[in-house]
Amino acid sequence: WWSPPWVGYLNSQRKDSPKAFWGTLLVLIVVGGGYVYYDSLPKPEMVVARAQTPPITPNVKDAVPNPLRVSFNLNGIPASVAALDTIDKDLNNSIKVAPALKGEWKWESENTLIFTPEKDWPAGQEYSLIFSEELFSKSVELEEYGATFSTPSFKAAINSIRFYKDPEDSQIRKVVGALSFSHPVDSKSFEEKLSLYMQSKKASDKRGAKPYKFTVSYDDNKRQAYIHSETVSIEKDETYMYLDVAEGIKPVYGPSESS
């Protein structure tokens, strides 16, 4: 068995320069021991900020966007952090939001900040927050003076598609469909991704499919869309009407797209 080269090197240093060798060794022992001691000391407990994703705004008349809440906790327990002179004050200059978003910041309680945007939340947008230290009591120390959150992504869904025949005029036959959106939809983007076509039951692909024109109407909030086809002709062979919605529909606000 042969000892590693570094063992021989250390042994030669001990013999050639005993003072330097033992002095260096002593310094390493002191430094190492100091680090171990420091690491064993109780660490200061820091408050953690948590931004809660605001729920999607309900599709009702005169809907108000749900607010963002930022809670402050110490070891999972709500912590009183608000500086007394900031209670009931305008906090907009003490909190930076990126990307910029207009709205109102205020303390909801001594441990929760609340932000209400002027307009509805954009779909699928990531945000970062930076808090000024003046918001907090001098005895409070935060783990980070900031937080991040993302709004829900944009989604589209087909709710129904059916054949309609006017009970008073048998010549009025059409297909009607209904779709819903998680956020207000960009109508131009939606209608460009929409197609309606009739195809024989025997067909294996879209070749030979007959496209149909259609009209689209929306509810007041652009959260529901209603499709009405042109008059449907009765074919000799059994056929199906297909409503095709491609990916990439955009909302009115936000970078998210439907998938």
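Heavy-atom basis, side chains included; hydrogens, waters and symmetry copies ignored.
- In this structure a side-chain-to-backbone donor-acceptor pair under 3.5 Å is present from Ser258 to Ile249.
- Remark: Ser137 OG to Leu84 CG distance equals 7.0 Å, nearest 0.5 Å.
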Quiz item: Does the pair Phe181 and Lys222 meet the rule for a side chain to side chain contact (heavy atoms under 4.5 Å, CB included), with working shown?
Solution: CA-CA 8 Å; Phe181 309 97; Lys222 290 288 187 76; over 6 Å; no

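- A search for side-chain contact (heavy atoms from CB on, under 4.5 Å) contacts involving Pro122 returns Gln125, Tyr127, Tyr253, not counting sequence neighbours.
- Met241 and Ile161 get closest at one heavy-atom pair: O-CD1, 4.2 Å.
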Quiz item: Passes side chain to side chain contact (heavy atoms under 4.5 Å, CB included), Ser170 versus Lys165? Steps please.
Solution: CA-CA 6 Å; Ser170 61; Lys165 183 177 180 180; 3.7 Å; yes

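- Within 6.0 Å of the CG atom in Asp220, the count of heavy atoms belonging to other residues, nucleotides or ligands does not exceed 12.
- Applying the salt bridge (Lys or Arg N to Asp or Glu O under 4.0 Å) criterion to Arg69, with sequence neighbours excluded, gives Glu108.
- Residue Phe115 is grouped with residue Tyr145 when hydrophobic side chains (ILVMFWY) are merged at heavy-atom distances under 4.5 angstrom, including chains of intermediate members.
- Of all heavy-atom pairs between Ala225 and Phe190, the closest is CB-CE2, 3.7 Å.
- Annotation: the span from Ser180 atom OG to Asn159 atom CG amounts to 3.5 Å, rounded to 0.5 Å.
- Atom CG of Asp166 has more than 12 heavy atoms from other residues, nucleotides or ligands within 6.0 Å.
- Residues Pro152 and Pro54 come closest through the heavy atom pair CD-O, 3.7 Å.
- Under a hydrophobic clustering in which Ile, Leu, Val, Met, Phe, Trp and Tyr are joined whenever their side-chain heavy atoms come within less than 4.5 Å, directly or via other members, Leu101 and Phe154 fall into different clusters.
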Exercise. Show your reasoning for whether side chain to side chain contact (heavy atoms under 4.5 Å, CB included) applies to Val245 and Ile158.
Key: CA-CA 9 Å; Val245 183; Ile158 298 176; 3.9 Å; yes

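- The aromatic rings of Trp107 and Phe72 sit tilted relative to each other, their planes meeting at an angle between 30° and 60°.
- No donor-acceptor pair closer than 3.5 Å links the side chain of Asn111 to the backbone N or O of Ser80.
- A donor-acceptor pair is defined here as one N or O able to donate and one able to accept, closer than 3.5 Å; no such pair exists between the side chain of Trp105 and the backbone of Ser94.
- Placement of Leu194 and Val185 within a single hydrophobic cluster is found when ILVMFWY residues are connected by side-chain heavy-atom separations under 4.5 Å, directly or transitively.
- Put simply, OG on Ser195 and CG on Leu243 are 7.5 Å apart, with the number rounded to the nearest 0.5 Å.
- Asn73 and Arg50 make their closest contact through ND2-CG, 4.4 Å (heavy atoms, listed as atom of the first residue, atom of the second, distance).
- A centroid separation of 6.0 Å or more is found between the aromatic rings of Tyr226 and Phe214.
- The hydrophobic cluster containing Ile130 does not contain Leu142, counting ILVMFWY residues as joined when their side-chain heavy atoms lie under 4.5 angstrom apart, directly or transitively.
- Annotation: side chain of Pro58 is in contact with side chain of Asn66 (closest heavy-atom distance under 4.5 Å).
- In this structure, the side chain of Arg173 does not engage the main chain of Ser233 through any donor-acceptor pair within 3.5 Å.
- With rounding to the nearest 0.5 angstrom, the NE2 atom of His228 is 6.0 Å from the OG1 atom of Thr215.
- Side chain of Asp120 to main chain of Thr57: no donor-acceptor pair is present (N/O by atom type, distance under 3.5 Å, no hydrogens or angles).
- The local environment of CD in Glu126 is sparse, with at most 12 non-hydrogen atoms from other residues, nucleotides or ligands closer than 6.0 Å.
- Counting only distance, with no hydrogens or angles, the side chain of Ser256 and the backbone of Ser153 share no donor-acceptor pair below 3.5 Å.
- In this structure, the side chain of Lys89 engages the main chain of Asp85 through a donor-acceptor pair within 3.5 Å.
- Rounding to the nearest 0.5 Å gives a distance of 11.5 Å between CD of Glu45 and CD of Glu141.
- Asp219 places a side-chain N or O within 3.5 Å of a backbone atom of Gln224 that can act as its donor or acceptor partner.
- In this structure the side chain of Ile172 never reaches within 4.5 angstrom of the side chain of Thr231, judged on heavy atoms.
- Under a hydrophobic-cluster definition in which Ile, Leu, Val, Met, Phe, Trp and Tyr are linked whenever side-chain heavy atoms come within less than 4.5 Å, directly or via other members, Tyr197 and Val232 are assigned to different clusters.
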Practice problem: Could you go through the side chain to side chain contact (heavy atoms under 4.5 Å, CB included) check for Leu68 and Ile114 one step at a time? | Solution: CA-CA 6 Å; Leu68 166 73; Ile114 187 171; over 6 Å; no

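- Put simply, the side chain of Asn59 never gets that close to the backbone of Asn221: no donor and acceptor are under 3.5 Å apart.
- By the 4.5 Å heavy-atom criterion applied to side chains, Phe131 and Leu113 are counted as neighbours.
- A pairwise comparison of heavy atoms in Tyr212 and Met198 identifies CE1-CB, 3.7 Å as the closest pair.
- Around atom CD of Glu230, more than 12 heavy atoms belonging to other residues, nucleotides or ligands sit under 6.0 Å away.
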Self-check item: Candidate pair Glu104 and Asn92, rule side-chain hydrogen bond (donor to acceptor under 3.5 Å, both in side chains), full reasoning
Solution: CA-CA 6 Å; Glu104 180 186 24; Asn92 285 7; over 6 Å; no

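- Glu257 and Lys250 get closest at one heavy-atom pair: OE2-CE, 3.2 Å.
- Side-chain contact check for Thr86 versus Leu91: some heavy-atom pair is nearer than 4.5 Å.
- At most 12 heavy atoms of other shown residues, nucleotides or ligands fall within 6.0 angstrom of atom CG in Asp88.
- To the nearest 0.5 angstrom, Leu179 atom CG is 13.5 Å from Arg223 atom CZ.
- In terms of modelled atom types and a separation under 3.5 Å, the side chain of Ser71 and the main chain of Thr112 share no donor-acceptor contact.
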